[in-house]
Amino acid sequence: MRSVGRRGNAFSLAILLKPCCTLAHARQLHANVVAEGHLQDALLATSLMRSYMNCGAAESVCKVFDEMLVKDTVAWNVLITCYARNKRTKDTLKLFDEMRSESEAEPDEVTCILLLQACTSLGALDFGEQIWEYAMEHGYGCELKVRNSLITMYTRCGCVQKAYEVFCGTPRKSVVTWSAMISGLAANGFGKDAISAFEEMSKSGVAPDAQTFTGVLSACSHSGLVDEGFRFFDMMRYEYQMMPNVRHYGCIVDLMGRACLLDEAYMLVVKEMRVAPDATIWRTLLGACRIYGHVDLGEKVISHLIELKAQQAGDYVLLLNTYAANDT
DNA sequence: GTAGGGTTAG
C-alpha cells in the first residue's frame, strides 16, 4: 500500500480513497488524514466515511462523523445511508429530527429520498408523509427521484390511491416512475391496472427495462393472468431481446404454479433456465406442490433446496479457507 | 474522483 507523503494535500488524499478500498487501506488513510490535520475538510471526511461504510465498518463511519466539527449535509446523508444499510431503520428516522434541531446543515432532496426509503421498509406512513411535507416546503416536491421514492412508500403502505395521485401529478415520468407504479399496483392486487399502465407507458414512448418486466410479470402471477404473463415473457425475450433473470423466472414459476402447471414449471427450471435457480424459485414451486397435493414433485423440489443449501455451506467453507490462507 | 429513485415469493 502506498502511504501518503507529508506534502500530500486534502485533494490527493481524497483521490486515494477509492470506493473499493479495503478496511486496512481506509484505516491507514484515516491516520494520514488526522496526521495532516485534514479531518475538518468536509469532502475528505465524507469520502473517508463512505470508504468505511463500503467496508461495513459502521462504527468507524460514526466516529469520523463525530470528529467533524462542521457536519455538512452530505456527511449527514452518508451517516443516514450507513444506518439504513445496517437495518437501523428507526434510528435512521431519528436522525431527521436530530439533523433539523441541532445542525446547521439542512436536509436536502437526497436526505428526503433516504428517509422515504427507510419509511418504506418500516411501513411508516405518517413519518413518510412528514418527509413529503418537508420536501414540498423546501422546493424538492418536483424532484423526480423524491416523487419516485414517495410512490414506492405509498404503495408499500397500501395507499395505492395516494401513490396514483402522485404518479399522475408527475409530468416527466421516467422508466423508474412507471415501474414503481406498475410494481405497486401489482403488489396490491391491481393486476389489470398494472397491465394497463404498462401499455400506457409504451404508448408514451418510455421503453420498459428488466425491472418493469418484473413488475408486470408479478402483476400477472398475482392476479392469475396466465396467458398475459406468457405474452409479456415472450415480449421481453423476443421483442426487447432481454435475457430473463432469476426474478423473471420466479414470476413465471409462480404463474405456472397457480395455473397448476407444476411439471411444466419444474421442466422450465431444470431444462430451460439459463440462470441458476435460487432458493426462492424452489420455495415458490414447493408452495404450489403443497397447494395441489403434488407430493412426488414436492419431494424432488425439496432435494434441490437441500442441495442448494449444501452448496452454499460449501461456498462458506471455501471463503473461510481463503481468509485462513491470507492470515498466515 | 461524497450521499441518492423502481425488482419475484413466502
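Source: prediction; values computed, not measured.
- In this entry the distance linking CG of A:Asn54 with C1' of B:dG1 reads 14 Å, nearest Å.
- Between A:Phe213 and A:Phe198, the ring centre distance stays below 6.0 Å.
- Counting any heavy atom pair closer than 4.0 Å across all strands shown, A:Leu79 reaches no nucleic acid atom.
- Every pair passing ring-ring contact (aromatic ring centres under 6.0 Å, His included) that includes a residue from residues 59-114 of chain A is listed here, sequence neighbours excluded: A:Phe65-A:Trp76, A:Phe96-A:Tyr134.
- Judged purely by distance below 3.5 Å, without hydrogens or angles, the side chains of A:Asp108 and A:Thr111 pair a donor atom with an acceptor atom.
- Between the base of B:dG5 and the side chain of A:Ser149 there is no donor-acceptor pair shorter than 3.5 Å.
- A:Val175 comes within contact range of at least one nucleobase, with a heavy-atom separation under 4.0 Å.
- The base of B:dG5 sits within donor-acceptor range of the side chain of A:Ser174, with an N or O pair under 3.5 Å.
- For the side chain to side chain donor-acceptor pair (under 3.5 Å) test, residues two or more places apart in sequence or in another chain that qualify with A:Ser60 are A:Arg27.
- Counting to the nearest Å, the P atom of B:dT8 and the NE2 atom of A:His248 are 10 Å from each other.
- Only A:Ile113, A:Leu114, A:Gln117, listed by number, bring a heavy atom of residues 111-142 of chain A to less than 4.0 angstrom from any atom of DNA chain B.
- Base engagement by A:Thr280 is indicated by at least one non-hydrogen atom pair under 4.0 Å involving a base atom.
- Across all strands, A:Arg258 comes closer than 4.0 Å only to sugar-phosphate atoms, never to a base (heavy-atom distances).
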